[in-house]
Amino acid sequence: MDTWSFFSTCLVSLWLHRLYIYSAVAFGISIWIVIQFSTSKPQKKVTEHDENPTGNPASSEGIEEKVVNACATLQRKEVYVAGVKIFCGSQTGTAKRFARALAEAVISLNVPVEVISMGDYDPDDCLLEETTSGNICVFLVATYTDGQPTESAAWFCRWLEEAANDFCFGKAYLKGLRYAVFGLGNSAYVDHYNTVGRNIDKWLWMLSASRVMTHAEGDCNVAQSKHGTIDTDFEAWKAKFVSRSWQYHEAHEGSKGYRLIGSHSGVKLCRWTKSMLRGRGGCYKHAFYGIESHHCMETTASLACASKCVCWR
């Protein structure tokens with residue numbers, strides 16, 4: 001009876017405290033699962049990387065060498081360009097000075113370069129051609145009063161903003177264009193700091209253009225400048241730009257804006273057609289003969305044609 005009483009007492013005690021026992025068992029199982037998972041995962045990785053069917057240590061070294069060489073190959077990947085076009089929007093001359101300095105650095109790479117004032121450039125007529133030109137378009141733009149672009153860059157920025165938000169252009173309008181943006185501003189004006197550079201970078205991206213470098217900014221505020229002054233900010237960015245493996249590659253036929261049709265002809269939309277439709281005037285045929293540019297068709301002979309005549313319709 002004494003033995004039976006002892007066992008019955010134990011069973012009753014276990015039954016009364018069953019919840020604590022279940023909790024302890026569940027906790028122990030959880031700890032075991034965590035330990036198994038944490039130890040088996042690294043072992044799996046080691047097995048995958050160090051597995052050597054031949055048992056030869058040299059094979060493992062060869063695998064590591066291949067990985068290192070692959071990384072080095074990616075780092076040495078060259079970027080082929082037909083040239084670099086530097087667009088500057090300057091008010092006090094700083095962006096223009098930076099553009100000249102960048103041009104000198106690019107010339108040292110034996111890559112053709114052109115410095116363009118944004119006030120002398122009509123994006124409506126020319127920017128689309130850069131999608132097939134093979135050029136890198138660099139934008140050095142300053143932010144002026146109240147976050148507005150400078151006078152020379154005002155029309156370019158207005159057109160680009162409208163194009164980015166106009167469904168008529170399409171989201172892939174500038175696909176193929178490669179660009180980099182360096183903005184000039186003053187962080188003392190917190191609400192408008194480098195607004196123009198950031199907007200240009202955003203609008204180009206919205207039109208499917210491709211960045212070749214991350215958008216960078218120079219700060220006139222010495223206390224907040226990353227490298228001490230806006231000049232040193234630019235020099236640091238320029239060094240990164242020049243260090244890229246730019247490789248000159250002669251532009252193909254499509255760089256002039258022509259689209260090849262088959263293997264014999266090229267087609268290009270006349271810039272006066274768009275200008276006339278947007279109410280900005282027509283070509284000389286409108287001025288002298290009253291022919292509206294968007295109703296005019298001018299064609300040239302096929303590329304394969306031996307005759308060099310010009311046909312008019």
Side-chain angles (χ1 to χ4, degrees), residues 1-79 164-165 171-172 175 178-183 185 187-195 197-219 221 223-228 232-233 236-237 239-241 243-245:
M1 292 295 293
D2 294 337
T3 304
W4 173 252
S5 298
F6 174 76
F7 280 111
S8 61
T9 302
C10 291
L11 291 174
V12 171
S13 179
L14 290 174
W15 177 255
L16 294 175
H17 298 87
R18 63 186 183 278
L19 295 178
Y20 298 103
I21 296 174
Y22 295 159
S23 301
V25 173
F27 180 74
I29 294 174
S30 300
I31 294 296
W32 180 81
I33 292 174
V34 170
I35 293 174
Q36 291 296 320
F37 181 78
S38 61
T39 56
S40 62
K41 191 173 182 180
Q43 290 176 358
K44 184 178 179 181
K45 287 186 177 179
V46 172
T47 302
E48 289 176 353
H49 288 287
D50 295 343
E51 185 177 7
N52 187 0
T54 62
N56 185 3
S59 299
S60 299
E61 294 177 359
I63 293 174
E64 292 179 358
E65 184 178 356
K66 288 179 180 179
V67 173
V68 172
N69 289 338
C71 294
T73 302
L74 289 174
Q75 291 176 354
R76 292 195 299 267
K77 184 178 180 181
E78 294 179 338
V79 180
N165 294 284
K171 296 302 180 183
K175 186 175 183 179
R178 297 178 292 174
Y179 74 96
V181 177
F182 182 85
S187 60
Y189 304 97
V190 180
D191 296 336
H192 308 296
Y193 176 59
N194 262 313
T195 302
R198 295 174 183 178
N199 284 339
I200 288 180
D201 178 70
K202 178 182 70 175
W203 294 329
L204 289 171
W205 177 81
M206 289 173 64
L207 292 169
S208 298
S210 303
R211 300 183 183 97
V212 296
M213 286 185 65
T214 305
H215 166 243
E217 298 174 345
D219 193 353
N221 186 359
Q224 298 295 328
S225 175
K226 185 179 296 185
H227 299 90
T232 52
D233 288 341
W237 176 82
K240 291 182 181 179
F241 184 86
S243 66
R244 296 290 298 272
S245 299

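Every value quoted in this text rests on a predicted model; they were computed, and no experiment measured them.
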Looking at every heavy atom in both [X] and [Y], which two are closest together, and how far apart are they?
X	Y	answer
Gly228	Asp233	N-OD1, 4.4 Å
Ser208	Ala172	OG-CA, 3.5 Å
Gly183	Asn194	C-OD1, 2.9 Å
Tyr193	Gly185	CE1-C, 3.8 Å

Are any non-hydrogen side-chain atoms of Tyr179 and Trp205 less than 4.5 angstrom apart?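 Touching, per the 4.5 Å side-chain cut-off.
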Just so I know, are the side chains of Val181 and Met213 near enough to count as touching, which here means a heavy-atom distance under 4.5 Å?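 They are not in side-chain contact.
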Please identify each residue that fulfils side-chain hydrogen bond (donor to acceptor under 3.5 Å, both in side chains) with Asn199, with sequence neighbours left out.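 For Asn199 there are no side-chain hydrogen bond (donor to acceptor under 3.5 Å, both in side chains) partners, ignoring immediate neighbours.
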Between [atom1] on residue [X] and [atom2] on residue [Y], distance to nearest 0.5 Å:
X	Y	atom1	atom2	result
Lys226	Trp237	NZ	CH2	13.5 Å
Leu204	His215	CG	NE2	11.0 Å
Asn165	Leu207	CG	CG	8.5 Å

Pair Arg198 + Glu217: basic N to acidic O under 4.0 Å: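 The answer is yes: the pair qualifies as a salt bridge.
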Counting distance only, does the side-chain N/O of Lys171 pair as donor-acceptor with the main-chain N or O of Ala164 below 3.5 Å?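 Flag set: sc Lys171 to bb Ala164 pair under 3.5 Å.
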With distance as the sole test, does Thr232 use its side chain to make a donor-acceptor pair with the main-chain N or O of His227 at under 3.5 Å?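 Yes; at least one donor-acceptor contact below 3.5 Å.
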side-chain contact (heavy atoms from CB on, under 4.5 Å) between Tyr189 and Asn221: does it pass, once the steps are laid out? CA-CA 9 Å; Tyr189 304 97; Asn221 186 359; over 6 Å; no
